[in-house]
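Here the structure comes first, spelled out in structure tokens, and everything after it is commentary.
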Amino acid sequence: GTALRATPFLPLLFMSTVMAGAGIAVCNVLLPGLIKRDFGQWAAVMTGLFTMGLCAGAASAAAFTQPLRNALGESWMAALAFWALPVLLIAVIWAPRAWRQERIQRLTARRPQGLWRSLLAWQVTLFMGLQSALAYIMMGWLAPMLRERGLDAGTAGYVVGASIVAQMAATLIIPSLAARLRNQSALALGISVLTTLSFLACLTMPLSTIWVWGSLLGIGLGASIALAIMLIVLRSADSGTTAVLSGMAQGVGYVVAAMGPLIVGILRDISGNFNNALILILLVGIAQAYCGFGAGRALHVQPKQRKG
């Protein structure tokens, strides 16, 4: 799918984008379950590395696609298709494990059912979606918001870049910290407050302090995504439940998340400024804190079991 993005034909471009997105979605859903199954006591460390990889990969693509375009003859298609090379490398690394003949323990002998009726599962799901909504708003709209406040385009871009770097640092720390706590409610609440207040400060406090607030926002967002993925692991009693809960949390959660930047854009078109976006960010942050506090309780989701 990524390689086919080099096509000049618009219908194939849309099709290839759907293919690439579907592949990414499947991997994102499966990996938390594999981490719980295969790494045991190292699950927190691996979750941190996995989450850091998510942030680093997104940041790398955002940072280097334009230089690649310049190096590849001003071709956007070639620059986009270049990112098929790391995908191919990862496929080669995974292939021996996928093809080996010895039996590998299944994620579970039974398929869990009934997660859609579990309050705890919905709290995990909405925490994932709401924190991702704030992250998408930041990545899509923070630079235009800062430019509207009077910051030049270059500096606004650098602030976003610094925020993403801060995210990567936070993703390594939070999973291990979360695993050591009896429950993660206070941690989820604190991270949600940090993220919300620092985002609002980026849009209201003097621009001379923007680097401080931008960095704190990155720490909050990185901690949020790391905790959201770790909660999927911690709230599941076995790897099969982890995989199903991961599908619910990311499938529903990213639909919720996608609405964030869309609503900001609509509000901007209606009002002609980003003032209403402040209210939206505050409301999303409050909802994230509420869901995170519930998702942090030291419980396991209790799905019904059906024979596989």
Side-chain angles (χ1 to χ4, degrees), residues 5 13-14 17 21 54-70 74 76 79-80 83 129-170 191-225 253-288:
R5 296 182 76 189
L13 176 62
F14 279 106
T17 301
L54 291 178
C55 295
S60 298
F64 297 127
T65 299
Q66 176 62 50
L68 281 169
R69 174 178 177 264
N70 296 337
E74 301 297 320
W76 275 115
L80 293 175
W83 296 104
L130 293 166
Q131 65 81 26
S132 294
L134 290 179
Y136 291 173
I137 292 171
M138 186 279 287
M139 288 186 283
W141 287 108
L142 181 58
M145 288 171 172
L146 294 178
R147 291 202 302 272
E148 188 172 277
R149 293 196 64 202
L151 209 61
D152 66 272
T155 303
Y158 289 134
V159 171
V160 173
S163 182
I164 293 174
V165 171
Q167 285 184 44
M168 289 187 285
I191 289 172
S192 300
V193 171
L194 172 64
T195 304
T196 305
L197 292 183
S198 57
F199 206 152
L200 294 175
C202 285
L203 306 180
T204 58
M205 298 299 286
L207 289 176
S208 59
T209 62
I210 190 60
W211 293 101
V212 174
W213 298 117
S215 298
L216 288 175
L217 175 59
I219 292 171
L221 291 173
S224 294
I225 181 61
Y254 285 131
V255 172
V256 173
M259 300 302 294
L262 175 62
I263 294 174
V264 170
I266 293 173
L267 293 175
R268 175 69 173 79
D269 285 344
I270 293 174
S271 65
N273 56 56
F274 287 110
N275 293 340
N276 289 329
L278 294 171
I279 300 174
L280 176 66
I281 291 168
L282 178 60
L283 293 176
V284 172
I286 292 172
Q288 175 188 328

Checklist entry - Any donor-acceptor pair under 3.5 Å linking the side chain of Ser163 with the backbone of Val159? => result no
Item to check | Check: Thr195 main-chain N/O paired with Ser198 side-chain donor or acceptor under 3.5 Å | outcome: yes
From [atom1] ([X]) to [atom2] ([Y]), nearest 0.5 Å:
X	Y	atom1	atom2	value
Arg149	Met205	CZ	CE	9.0 Å
Phe199	Leu134	CZ	CG	6.5 Å
Asn275	Leu203	CG	CG	10.0 Å
Leu197	Cys202	CG	SG	11.0 Å
Gln167	Met139	CD	CE	6.5 Å

Around atom [atom1] of [X], are there more than 12 heavy atoms of other residues, nucleotides or ligands at under 6.0 Å?
X	atom1	answer
Trp213	CH2	no
Tyr254	OH	yes
Met259	CE	no

Please report the shortest heavy-atom distance between [X] and [Y], naming the atom on each side.
X	Y	answer
Ala277	Val264	CB-CG1, 4.3 Å
Leu207	Leu151	CD1-N, 4.1 Å
Asn273	Asn276	OD1-N, 4.4 Å
Val284	Ala133	CG1-CB, 4.5 Å
Ile191	Ser224	CG2-OG, 3.1 Å
Gln131	Gln288	CA-OE1, 3.4 Å

Item to check | Trace of the side chain to side chain contact (heavy atoms under 4.5 Å, CB included) decision for Leu221 with Ile225 | outcome: CA-CA 6 Å; Leu221 291 173; Ile225 181 61; over 6 Å; no
Can you find a pair of side-chain heavy atoms, one from [X] and one from [Y], that are under 4.5 Å apart?
X	Y	answer
Ile286	Thr196	no
Leu267	Ile279	no
Thr155	Trp211	yes
Leu80	Leu68	no
Leu13	Arg5	yes

Item to check | Pair listing, salt bridge (charged side-chain N to carboxylate O under 4.0 Å, His left out) test, anchored in residues 263-280, at least two apart | outcome: Glu148-Arg268
